[in-house]
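Notes follow the structure.
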Amino acid sequence: MTDRKPQTMGQQFGRRSWAEPWKIKMVEPIRLISREAREQAIREAGYNTFLLRSEDVYIDLLTDSGTSAMSDRQWAGMMLGDEAYAGSRNFYHLEEAIQTTYGYRYIVPTHQGRGAEHLISQVAIKPGQYVPGNMYFTTTRLHQELAGGIFVDVIIDEAHDPTSEHPFKGNVDLTKLQALIDEVGAENIAYVSLAGTVNMAGGQPVSMENVRALRKLCNNYGIRIFLDATRMAENAFFIQEREPGYQDWTIAQILREFCSYTDGAWMSAKKDNLVNIGGWLAVNDLDIFEKARNLVVVYEGLHTYGGMAGRDMEAVAIGIHEMVEDAHIAARVNQVRYLGELLIAWGIPVVRPIGGHAVFLDARAFYDHLPQDKFPAQTLAAQLYLDSGVRAMERGIVSAGRDPKTGDHRYPKLELVRLTIPRRVYTQAHMDVTAEAVMAVYEDRHNVTGLKMVYEPEYLRFFQARFEPLP
Ligand code: PM9
């Protein structure tokens with residue numbers, strides 16, 4: 001039989017170019033409004049790109065969350081939604097897709113990632129327990145804190161250095177974790193909160209060697225590992241590309257192997273799973289599952305829909321299968337890399353190596369005349385929008401929030417702006433336009449004075465805070 005498995009151009013002809021394994025059959029018009037209109041829009045948005053109207057945005061790189069283009073197969077699946085209140089057939093498709101692709105036993109659907117974070121935090125954290133993790137994520141840490149947990153960063157030091165070229169900057173520093181265990185005792189550790197890739201570090205991966213060693217260490221103390229699997233397919237791509245011994249493995253095989261070292265995962269299906277809404281929690285432990293399945297009916301919906309419509313669950317199930325196609329994930333990560341390498345070639349300070357879902361501008365180096373409490377990354381995101389209608393997201397002091405004990409700003413080492421690439425949405429020409437916009441803002445960097453915060457909400461302030469320009 002002829003082998004009809006898809007191959008890349010590189011596999012077939014030894015060429016270096018890659019191309020998307022799809023063609024476009026529906027488009028959504030976008031437009032660039034005038035400079036004057038952009039000035040008004042960002043002023044009215046309190047210099048916070050989250051508060052802009054999307055119709056005032058030209059190229060929207062705010063997030064890769066829920067912004068993917070679904071495939072024709074996913075749209076076809078949407079028509080097969082079984083909208084029964086209980087026992088929807090689409091739930092069983094979703095359950096099967098997660099079990100076969102990620103390998104976990106028990107599944108609880110949720111409306112999106114933070115619904116799952118809420119459940120696992122409430123179920124697995126006792127007040128006062130520590131939650132070591134490979135760098136914080138905004139919503140994840142907040143749910144851990146709301147459950148009474150104390151997050152402790154145990155990522156390797158290289159992750160906090162934007163210039164370090166370490167191939168697996170998401171790795172857990174096992175010495176830091178061991179020191180925490182020695183200090184507080186294993187019984188005071190709720191679980192290890194492991195993310196692959198690490199969003200706030202720049203979309204940086206965790207190696208298979210690291211997760212295997214982590215498993216071994218945790219086994220010595222009976223500590224569970226729960227995985228934030230939001231961008232684990234992208235993490236698997238980096239393992240395939242960089243880690244000796246995995247070049248001939250498929251993305252699906254690598255993903256399954258990685259997950260086998262963990263006890264469960266929470267998921268924002270809005271990212272890797274290629275849908276506009278959805279999430280899930282998956283665990284191997286029956287006791288944890290039963291508690292989460294009970295809580296889901298309080299906060300999300302019945303345990304066979306968890307806040308999603310039947311059609312949404314069908315789209316997630318199909319998205320999971322598409323996510324692990326090697327040609328898809330290679331094109332996805334290479335598009336991000338294309339933008340990143342262009343910026344590096346032009347001398348723009350970015351987090352290196354380029355990560356899986358976004359290019360992160362180093363706002364600290366970009367505006368080296370602005371101290372962190374003048375919000376350099378927030379300023380840069382606003383300037384980028386003003387210049388060109390490109391929308392990005394702050395990932396620095398505003399995102400880090402305040403220390404719950406002292407009430408002071410947290411001052412993260414990384415002060416970044418994220419150019420996040422939605423999946424299957426923009427073309428290479430959009431990447432070129434974005435790079436030119438960044439260059440224009442970089443050339444104007446000495447004329448920028450920073451921002452002051454004039455409104456600050458209590459939780460996840462980056463979403464809703466408002467700012468005014470400093471004189
Ligand atoms: N991430 C992002 O843009 C959505 C908005 S929060 C700034 O990166 C991880 C690693 C995420 C994530 C969301 C969630 C929460 C959990 N883990 O947004 O609730 O990147 O579906 O997922 C966003 P939901």
Side-chain angles (χ1 to χ4, degrees), residues 48-51 54 60-68 108-121 131 133-146 151 155 159 170 193-206 226-235 264-282 299-300 306-308 312 315-316 319 336 351 355-360 377-378 381 391-401 412 414 416-423 425 457 459-465:
N48 183 346
T49 51
F50 276 102
L51 301 179
S54 113
D60 201 347
L61 307 183
L62 183 71
T63 177
D64 61 333
S65 182
T67 52
S68 297
V108 182
T110 60
H111 77 283
Q112 62 180 78
R114 68 199 78 169
E117 289 173 338
H118 176 215
L119 298 180
I120 192 68
S121 304
V131 188
N134 55 344
M135 201 174 270
Y136 86 99
F137 183 70
T138 52
T139 57
T140 317
R141 181 176 62 190
L142 178 60
H143 279 294
Q144 290 162 350
E145 287 174 352
L146 289 173
F151 180 82
I155 203 165
S193 176
L194 181 72
T197 58
V198 181
N199 193 349
M200 302 301 278
Q204 304 294 333
V206 177
F226 289 121
L227 177 67
D228 183 335
T230 297
R231 298 185 182 84
M232 256 317 295
E234 291 166 10
N235 197 105
W266 64 87
M267 179 73 188
S268 171
K270 301 171 72 171
K271 282 83 163 176
D272 260 0
N273 290 173
L274 295 162
V275 291
N276 305 123
I277 192 72
W280 46 264
L281 176 69
Y299 293 107
E300 304 274 322
M308 283 182 279
D312 295 331
V316 180
V336 175
V351 173
H357 66 301
V359 176
F360 288 70
Q378 190 76 31
R391 170 154 71 170
M393 184 194 291
E394 193 267 6
R395 297 276 77 166
I397 183 171
V398 185
S399 294
L414 297 175
L416 309 174
V417 168
R418 192 181 71 176
L419 300 165
T420 337
I421 313 301
R423 296 166 184 79
V425 170
Y459 299 119
L460 302 173
R461 63 184 183 175
F462 57 94
F463 283 131
Q464 293 153 336

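In each ligand, atom 1 is the first atom listed, and ligand 1 is the first ligand listed.
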Can you name the residues that come within less than 4.0 Å of ligand 1, going by heavy atoms only?
-> T63, S65, Q112, G113, R114, E117, F137, T139, N199, D228, T230, R231, S268, K270, K271, M393, R395, R418, F462, F463
Report yes or no: do N199 and H357 form a side-chain donor-acceptor pair below 3.5 Å?
-> yes
The reported gap from CG in D228 to OG in S268 (rounded to nearest 0.5 angstrom) is 8.5 Å
Decide, yes or no, whether a salt bridge links D64 with K271 under the criterion of side-chain N to carboxylate O below 4.0 Å.
-> no
Does the pair E394/R461 count as a salt bridge with the N-to-O cut at 4.0 Å?
-> no
Give a yes or no on whether Y459 atom OH has more than 12 heavy-atom contacts from other residues, nucleotides or ligands under 6.0 Å away.
-> no
Rounded distance (nearest 0.5 Å) linking atom CZ of F462 with atom CZ of F50 = 5.5 Å
